[in-house]
Amino acid sequence: MKEKEAKELVVQAGIELVHSGLIARTWGNVSCRIDQETFVITPSGRDYLTLTPEDIVPVRIADLGYEGSVKPSSEKGIHAEVYRLFPEINFAIHTHQEYASAVSAAGLDFMPLSGKNEHFSEKVLCARYALPGTKSLRRNVAEALRKSTSNAVILKHHGTLCYGNDYDNALKTALELEKLCCDFVEKPTKISRRKPLDSMQRDKDQTQAGSGERDTYQANGNPFAYALKQAVLEKKGGFVLLNHDPEVVHYSQLTRPLHPFLDDFAQIVGIRAKVAENDNNSILKGLQHGSAVFIRNCGAVCWGKNERDAEAVSMILRKNCRAYFTAAIFGRPKPINGFESALMRLVYLKKYSKLAE
Ligand SMILES: O=C(CO)[C@@H](O)[C@@H](O)COP(=O)(O)O
């Protein structure tokens, strides 16, 4: 495929993937093969809705080399492995999609499937965990790709890598994987079923307390909630959202802090989300070192420096709760280790989060 055409396709694919809910904001990455030596990929840390073809970076499969000042995705290595191992594959998508992420945290080496089709065999392999963007992650993903008989692998505690001979097949693979994972997770976790990928949209409709023009608090006119919002905004500024998703309310009935079962939780929410008693002081204390705190038996407060950040925190908190309950069902609720979580949080705050600004 000509470079110009490939770049335009990646830009268009990024927009469609955001609208489908498979990818959000700056997470995930999208690539397209040009020939047996080169592919183009989305830049690192950039919002998909702002990209132009000039932002899409040609990268050499053999040594990940690239020209120019735009930094390609930090996950270019796993895309290169797809193109190196599978000459017939021409498009790859890395996502943090919700249900596949829940399966990624379950401690499984593969997700069994009941039927086969053009995208999937009888199982989807799970690549061993390593920090995002690292050579170790690339090595682990290559190990899984070499054994894979489906057009997707799950990255433990992270997300997915889906691929196809063209964009349409790669997209179909990612969408179908999300449905397969939803079916696989929903039955044993017995958490209210929702159509996959619509859940992201629900964040927009959810009760929120925010500064600015929409300062009307819709939580049944609960004066406590309004006072809470004011207290948080006075202390931290920014934007406050209350999350009442079933998974979040379910977790708020427990006592232990929620630790990162997924990379993006460690990066965007923090190294833990505590469960606070239903009073402002406890809640404010819980927000001192992170962007979310559970309110016992009620749900959670999600904070961001603006509305989109608060919504991202809210969505990722729900995703991590689902990952926890999925892991618990499979008897292996083992979060990402504390040092790696702290390192991801540090890198995100100091570096990655600023790329999108
Ligand atoms: O999780 C992360 C961020 O470290 C990556 O897998 C991905 O989602 C985003 O990386 P890029 O923005 O493509 O560099």
Side-chain angles (χ1 to χ4, degrees), residues 7 10-11 13-15 17-18 21-32 39-51 55-59 64 66 68-82 91-98 100-101 104-105 126-142 144 152-163 170 174 200 260-271 308-309 312-313 315-316 319-320 323 336 340-357:
K7 287 183 173 185
V10 165
V11 170
I15 295 166
L17 287 162
V18 166
L22 276 172
I23 59 177
R25 293 166 60 83
T26 68
W27 306 306
N29 19 82
V30 181
S31 72
C32 178
F39 64 97
V40 292
I41 193 164
T42 43
S44 186
R46 289 282 307 281
D47 190 321
Y48 292 93
L49 302 181
T50 67
L51 296 181
D55 296 317
I56 309 303
V57 189
V59 176
L64 302 184
Y66 65 94
S69 59
V70 178
K71 182 175 178 288
S73 167
S74 55
E75 301 296 4
K76 55 189 178 297
I78 61 175
H79 290 256
E81 288 301 332
V82 171
F91 209 91
I93 306 165
H94 164 53
T95 78
H96 291 189
Q97 60 197 69
E98 179 155 359
S101 294
S104 82
C126 298
R128 288 182 298 122
Y129 180 73
L131 285 168
T134 59
K135 288 187 179 131
S136 302
L137 180 62
R138 177 180 181 180
R139 200 167 36 246
N140 295 349
V141 169
V153 293
I154 289 171
L155 282 56
K156 284 186 177 179
H157 296 290
H158 188 158
T160 78
L161 184 58
C162 302
Y163 40 90
M200 299 236 189
F261 281 76
L262 301 171
D263 279 356
D264 47 17
F265 181 93
Q267 294 167 18
I268 285 101
V269 180
I271 59 173
R308 285 194 74 198
D309 280 3
V313 168
M315 182 269 282
I316 289 171
K319 215 165 53 124
N320 203 64
I336 297 167
E340 289 177 320
S341 294
L343 183 60
M344 281 190 276
R345 178 68 171 166
L346 184 68
V347 169
Y348 176 77
L349 290 175
K350 298 289 183 206
K351 205 174 109 195
Y352 186 79
S353 60
K354 302 195 183 328
L355 291 174
E357 286 170 9

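Please read these numbers as outputs of a predicted model, since none were measured by experiment. We use all heavy atoms of the structure for the numbers below, so side chains are in, but hydrogens, waters and symmetry mates are not. Both ligands and their constituent atoms are indexed starting at 1 by order of listing.
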Please report the interatomic distance [atom1]([X]) to [atom2]([Y]), rounded to the nearest 0.5 Å.
X	Y	atom1	atom2	answer
S44	N29	OG	CG	8.0 Å
I41	D55	CD1	CG	13.5 Å
I271	L343	CD1	CG	12.0 Å

Ligand 1 versus [X], non-hydrogen atoms closer than 4.0 Å: side chain, backbone, both, neither?
X	answer
P132	side chain
T26	backbone
H94	side chain

Which atoms of ligand 1 have any heavy atom of [X] under 4.0 Å away?
X	answer
S74	10 (O), 11 (P), 13 (O), 14 (O)
N29	7 (C), 9 (C), 10 (O), 11 (P), 13 (O)
W27	8 (O)
H96	1 (O), 6 (O), 8 (O)

Within the structure provided, determine whether N320 and V269 are in side-chain contact (heavy-atom separation under 4.5 Å).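 When only atoms from C-beta onward are counted, V269 and N320 do not touch, as no gap falls below 4.5 Å.
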Would you say the side-chain atoms of T95 and T160 include a donor-acceptor pair closer than 3.5 Å?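 The criterion, which ignores hydrogens and geometry beyond distance, is satisfied for T160 and T95.
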Is there a nitrogen or oxygen of [X] sitting under 3.5 Å from a nitrogen or oxygen of ligand 1?
X	answer
S44	yes
R46	no
P72	no
E75	yes

Tell me which one of G133, S73, G45 gets a heavy atom nearest to atom 13 (O) of ligand 1.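 Considering heavy atoms of G133, S73, G45, the nearest to atom 13 (O) of ligand 1 sits in S73.
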Pick from Q267, K76, M344: the one approaching atom 3 (C) of ligand 1 most closely through a non-hydrogen atom: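 Nearest option to atom 3 (C) of ligand 1, by heavy atoms: Q267.
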Closest heavy-atom pair and its distance - T26, Y48: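 What the structure gives for the nearest pair is C-CE1, 4.1 Å.
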Sequence-distant partners of C126, side chain to side chain contact (heavy atoms under 4.5 Å, CB included), two or more places apart: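 If we apply the side chain to side chain contact (heavy atoms under 4.5 Å, CB included) test to C126, skipping adjacent residues, the hits are I154, K156.
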Please list, chain by chain and in numerical order, all residues satisfying salt bridge (Lys or Arg N to Asp or Glu O under 4.0 Å) with D263, sequence neighbours excluded.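 Scan of D263 (salt bridge (Lys or Arg N to Asp or Glu O under 4.0 Å), adjacent residues dropped) gives none.
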Are the ring centres of H158 and H96 closer than 6.0 Å?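 Yes: the rings meet the under 6.0 Å criterion.
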